[in-house]
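In what follows, a single structure is set out as structure tokens and then discussed.
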Number of protein chains: 2
Amino acid sequence: MQAFTDIQSKSLSAQIYSQLRYQLMAARMQPGVRLKIRELAQSLGTSETPVREALLQLVRDGALEMKPGYYIRVRRLTLNEYLETREIRLMLEPHAAVKALPHVDKAFIEQLEKVHETLIRAEADKDYPAALLANYEFHFLIYRRSGMPQLIEILERLWIQIGPLLNYLYPFGHPSYDGPHQHLHILEALRKRDAEALAEAFRADLIEGGRAFVRYLESIEPEATQ
Amino acid sequence: MQAFTDIQSKSLSAQIYSQLRYQLMAARMQPGVRLKIRELAQSLGTSETPVREALLQLVRDGALEMKPGYYIRVRRLTLNEYLETREIRLMLEPHAAVKALPHVDKAFIEQLEKVHETLIRAEADKDYPAALLANYEFHFLIYRRSGMPQLIEILERLWIQIGPLLNYLYPFGHPSYDGPHQHLHILEALRKRDAEALAEAFRADLIEGGRAFVRYLESIEPEATQ
DNA sequence: CATTGATACATGATATATCAAAAAGGGAGC
DNA sequence: GCTCCCTTTTTGATATATCATGTATCAATG
């Protein structure tokens, strides 16, 4: 959870931003839910200023949206918006993984295997929040080894846009594995140090995971006009 | 300039943000220059709040940097940071162009040709600010046709990081064309509707343009430790 | 003359106050 | 019972006040 734990010695607004970002990524916030500056400030025990600053940044990140002058709510991605996100991720995530490859050692792969086991166990237990976190950790442990901080930042921004959708997703259809879990292909490619297979495994994971999104969004789209 | 002209009916902080972003992109701000909230607020005739909000967002964009609690200044990219930026752009910009291809018509190409002429003329006149703007316009006119707003947002964020560097660049070595201008290859690929050639032309333009950056940053690097 | 420490000052961070606009609620009229 | 209009309330936006911390200055001391 690296990215989210450094919540100290930072400005209040940065702390709040990190915290909200974490909640978004972890699907703790439903799309469309309204956020009120005053309420949040009160519940956090701070003034409105840092809360507002945090929210504004999330708006710019595309994780929240703001009706012109008025209210702020968790963004509701349309199917097309989701597809664009996926298209961008398809370019960037495999690349990040390939860049990480030279910095992958045995210990790291074992660490990933543990995280993956956690993921599988969580899914078996239907503990979806835990599964989401494990999935995030699996991916970003790898990306962080790329040594490309800017790229990682871009990817995290994309993930927090998608996070809230996961709320709807799990009840709906969620990870439907028709074969072995894609993460296993990823692990295998890492072991073999096969860059092309690695990139392909990431693409497959993304598309595989995306199917449920697309199905869900298609089923919702008609009413999502607002 | 589309992205920068909608400076009305937006919140003050959004206006200030847009304005600063424009100045960054257009190389109106030197790397390392310090920005003071109070000063800016005064010179803009507003209070500090919206200025601070705008600056914070630019910090998150990586265009400005902030010594922990202390001062805010225009970010100074290291060579490695620049190279990472370029690496990301190399993935995204050619793709954006290819996605734009289906929406390119004759009129649009003529528009691009005009912009390119402006660029060439500006360079001949050594009017570098104008050249920069024309170059920005040339690229983003194309990217905007991709119909991928998120991608464009990501790219603009990358461009405003690089903008300030251009200050140093032009005096230094700047666009050294060893052959025909890369934009001509881009235009040709657009006319032929040749996606692969188009992608390649964008890659070439990026690398070509990047050479001067790299040369400059390498010459500077030793002292840039701070 | 160099060094150190105390004080004044500048600046970003946070809190609070004020404003304007939008939403929500309620009552009068049909 | 429904609709329209007015009032009240809520809320985000902006301005201002306060706080904490880093920086600079300068004098006292060795």
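Order of the sequence lines fixes the chain letters, A, B, ..., with proteins taken first and strands second; residue numbering starts at 1 for each chain.
A straight line from NZ of A:K36 to P of D:dT10 spans 9 Å, rounded to a whole angstrom. The nearest whole Å value for the distance from the CZ atom in A:R38 to the P atom in D:dG12 is 7 Å. A:I72 places its CD1 atom 13 Å from the C1' atom of D:dT10, with the value rounded to the nearest Å. Distance CG (B:L64) to P (C:dG12): 12 Å, rounded to an integer number of Å. Rounding to whole angstrom units, CD1 of residue A:I37 and P of C:dA15 are separated by 14 Å. Here D:dA15 presents its C1' atom at 15 Å from CG of B:L44, a figure rounded to the nearest Å. In this entry the distance linking NZ of A:K67 with C1' of C:dA21 reads 17 Å, nearest Å. A:E53 places its CD atom 14 Å from the C1' atom of D:dG12, with the value rounded to the nearest Å.
The side-chain tip of A:R145 points at the ring of A:F108 from less than 6.0 angstrom away and within 45° of straight on.
For A:F202 and A:H139, the distance between ring centers is under 6.0 angstrom.
Put simply, B:S47 has a side-chain N or O that comes within less than 4.0 Å of OP1 or OP2 on D:dA15.
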Q | Residues A:I154, B:R157; criterion side chain to side chain contact (heavy atoms under 4.5 Å, CB included); working and verdict | A | CA-CA 10 Å; A:I154 292 173; B:R157 278 177 160 159; over 6 Å; no

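Comparing B:L35 and A:E48 by the nucleotide of DNA chain C that holds the closest heavy atom to each, the one mapping nearer the 5' end is B:L35.
Comparing atom distances between the B:T49 side chain and each of D:dT14, C:dT14, C:dT11 picks out D:dT14 as nearest.
Annotation: salt bridge (charged side-chain N to carboxylate O under 4.0 Å, His left out) contacts involving residues 94-103 of chain A, sequence neighbours excluded, comprise A:K99-B:E87.
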